Structures are given as C-alpha cells and as structure tokens.
Amino acid sequence: MDASITSPRLFIQTSLHEGATVAASAAQAHHLGTVLRREPGGAVRLFNGADGEWSAQIATLRRDRCELTIGARLRPQAPEPDLWLAFALLKRDATDLVAEKATELGASALLPVLTARTVAARVNLERLAAIATAAAEQCERLTVPWIAPPVALPALLADWPAGRVLVVAVERRGAPPVRPPAGPAGLLPAGLLVGPEGGFTGAELDLLRRHAFVVPAGLGPRILRAETAAIVGLTLMGASAGI
Ligand code: SAM
C-alpha cells in the first residue's frame, strides 16, 4: 500500500502549498517522535481545512519541534456536510466523547448549550478543540469542526440562523423519527439539539415549539443517555442524507 495513504495526518493552521516548509505544534512533534517513533524523512499528511490534503516529509524532528516539507497535493478541498450539533453540556468524560464522535460523524460545528437541567456549567474549549482536532486527523476528514462557547438555550434559539432547521431530539412524546432536511443536492443546513441527562423541562419544550425552525424528532423507543442520543442522532441524520 502507498505509504502516503496510511501515514499520520496532521492539522496545520497555515496555508499549504508544494515545496513550503511548515512547523508542527509541540504536541504534534511529541506525538510523531515519542508516540509514533517517526524519524526525519518519514511521511505524513497535512490538512488545514481549506487547501485539501497534502503529502509531506519530516525535515527535522526534536522533542517538541518539527518541521515538515510539503510535497504533492493528495486531495482537493471538497464540500462537507453543514450539520451542527448543539448539545446540553454534560460531565467532562461524556462531553469529550460527544466532541470526538461528533467529529468522526461529520458535524461541522459543536455548540454546547446550558439548559435548566444541565449539570455542568463550564467547559474547557481548548481541550474540546484538541479532541476534535485529533478526531479529524484520525478519521480523514478535511476540516475540524468549529466549537462555540456555551450559550443558554434561549440565546441559542434567539440567534439561530435563518434557513437552518433545528432537529430536536425529544424522548417519550411520540415524535416522528429523525429525518434530515435534504434537498436534491444533499443535506440542507441543519442542526441537531440533544438535551441533558435530566431531559428538557416542560417550559423548554414549550419554548422550542414556538420556533418555526424547530422539528421535534424521536430516536426510538428506548431512553438513550444524552451522549448516545447525540451519536445516534448524527448517525441517522448523516446516513439518511448519504453523508
Ligand atoms: N431524563 C429523561 C427521561 O427520563 O425522560 C431522559 C433524558 S435523555 C437521558 C437525554 C437526552 O437525550 C434527551 O433530552 C433527548 O434529547 C435525548 N434522547 C434520549 N433518548 C431519546 C429518544 N428515544 N428519542 C429522542 N431523544 C432522546
């Protein structure tokens, strides 16, 4: 198999073009040298969310520093699904899991939300960004999802963009199954909202129902943990839209 296909992928926040030399972050240098035991001359792949995917070679590698020389472009940048995941903030491990799995499942943005029954009040956005970046590197997507700072549910709804449907996962209410808003060209701009472990309150469900862009949807007869609901909801929305 062509080594460039299986070589480590790195997300680099700089423009990429053939012949350029770019620096990896200290964490990436550590990962390449200490964890993966790569050496100068080794192959890697680079992407930056805008210029596609490129082959590159390790030019220099020290404990926390690494320079990479860019070779040929392997893939052009391609359109990706415009699917946001809004989720009631969970405890740290569950939030980490949601960030990783949502990235693998193609979410383009992660929006932590504070609801009446949300148990966590804070989130480390740098940590979430690092988790999403590592997941994007591993799963071969060409972008890293954008991560928004947490907002209260009323603010999320007040600022929700025109033309974007919000599919809200609601248990026990007999809501129709999740169906992504798809047009002839695939998935339309959409979002999925998943509630906290304690579920949405009656007042929150009333507030949600007052917004024309909200579409309540069920995820089957069993009551799923919130992190499972996020994974299943994204899977169903992505799979039915063919992404
Ligand atoms: N405490 C709630 C109860 O017992 O009814 C369950 C909340 S559930 C653990 C957390 C979130 O996952 C819910 O707010 C909802 O968004 C989503 N969820 C879980 N199971 C679901 C289902 N079967 N259909 C739709 N959404 C579901």
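Small disclaimer: the values here were computed from a predicted structure and weren't measured. Atoms within a ligand are numbered from 1 in the order they appear, just like the ligands themselves.
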inquiry  = Tell me if the CZ atom of Arg75 is crowded by more than 12 foreign heavy atoms within 6.0 Å.
reply    = yes

query = Ile223 heavy atoms, cut-off 4.0 Å: which ligand 1 atoms fall inside?
reply = 6 (C), 20 (N)

request  = Please report the closest heavy-atom contact between Ala29 and Arg62, naming both atoms and the distance.
outcome  = CB-O, 4.1 Å

For atom 8 (S) of ligand 1, the protein heavy atom that lies nearest, with its residue and separation = Leu224 O, 3.3 Å

key: Ala217 heavy atom under 4.0 Å from ligand 1   = yes

ask   = Considering all heavy atoms of both residues, which atom of Leu125 and which atom of Ala148 are nearest to each other, and what is their separation?
value = CD2-O, 3.7 Å

inquiry  = Distance alone, cut at 3.5 Å: any donor-acceptor contact between the side chains of Gln57 and Thr69?
reply    = no

Among Gly198, Gly218, Ala229, Gly174, closest by any non-hydrogen atom to atom 18 (N) of ligand 1 = Ala229

inquiry  = Is there a polar contact, in the sense of an N or O pair closer than 3.5 Å, between Pro221 and ligand 1?
reply    = no

Salt bridge (Lys or Arg N to Asp or Glu O under 4.0 Å) evaluation trace for Arg73 with Asp51 = CA-CA 9 Å; Arg73 190 164 76 162; Asp51 298 326; over 6 Å; no

task = Give a yes-or-no answer on whether the side chains of Thr115 and Arg117 include a donor-acceptor pair shorter than 3.5 Å.
result = no

key: Short N or O distance, Gly220 and ligand 1, threshold 3.5 Å exclusive   = yes

message = How far is atom 5 (O) of ligand 1 from the closest protein heavy atom, and which atom is that?
response = Arg172 NE, 2.6 Å

ask   = Which residue supplies the protein heavy atom nearest to atom 27 (C) of ligand 1, what is that atom called, and how far is it?
value = Glu171 CB, 3.8 Å

remark   = In terms of its nearest heavy atom to atom 11 (C) of ligand 1, the top option of Pro216, Gly199, Gly195 is Gly195

request  = To the nearest 0.5 angstrom, please state how far the CG atom of Leu111 sits from the CG atom of Leu89.
outcome  = 12.0 Å

query = Can a donor-acceptor pair be found between the side chains of Glu53 and Gln77 at a distance below 3.5 Å?
reply = no

ask   = Looking at Trp54, does the NZ or CZ of Arg45 lie under 6.0 angstrom from its six-membered ring centre and within 45 degrees of the ring axis?
value = no

message = Heavy atoms only, cut-off 4.0 Å: how does Thr228 contact ligand 1, side chain, backbone, both, or neither?
response = neither

message = Any heavy atom of Ala175 closer to ligand 1 than 4.0 angstrom?
response = no

key: Close N or O approach (Ala169, ligand 1; < 3.5 Å)   = yes

query = Taking only heavy atoms of Arg222, which atoms of ligand 1 are found under 4.0 Å from at least one of them?
reply = 20 (N), 22 (C), 23 (N)

inquiry  = Could you tell me if Arg9 sits above the aromatic ring of Phe47, with its cationic atom closer than 6.0 Å to the ring centre and no more than 45 degrees from the axis?
reply    = yes

message = Parallel, tilted or perpendicular, judged at 30° and 60°: which one describes the rings of Trp160 and Phe213?
response = parallel

query = Any N/O of Ala226 closer than 3.5 Å to an N/O of ligand 1?
reply = no

note = Heavy-atom proximity to atom 10 (C) of ligand 1 ranks first, among Gly233, Ala88, Pro196, Pro177, for Pro196

request  = Quick one: look up the protein heavy atom nearest atom 7 (C) of ligand 1 and list residue, atom name and how far away it is.
outcome  = Glu197 O, 3.3 Å

request  = Answer yes or no: does an N/O atom from Leu219 fall short of 3.5 Å to an N/O atom of ligand 1?
outcome  = yes

ask   = Val194 heavy atoms, cut-off 4.0 Å: which ligand 1 atoms fall inside?
value = 12 (O), 16 (O)

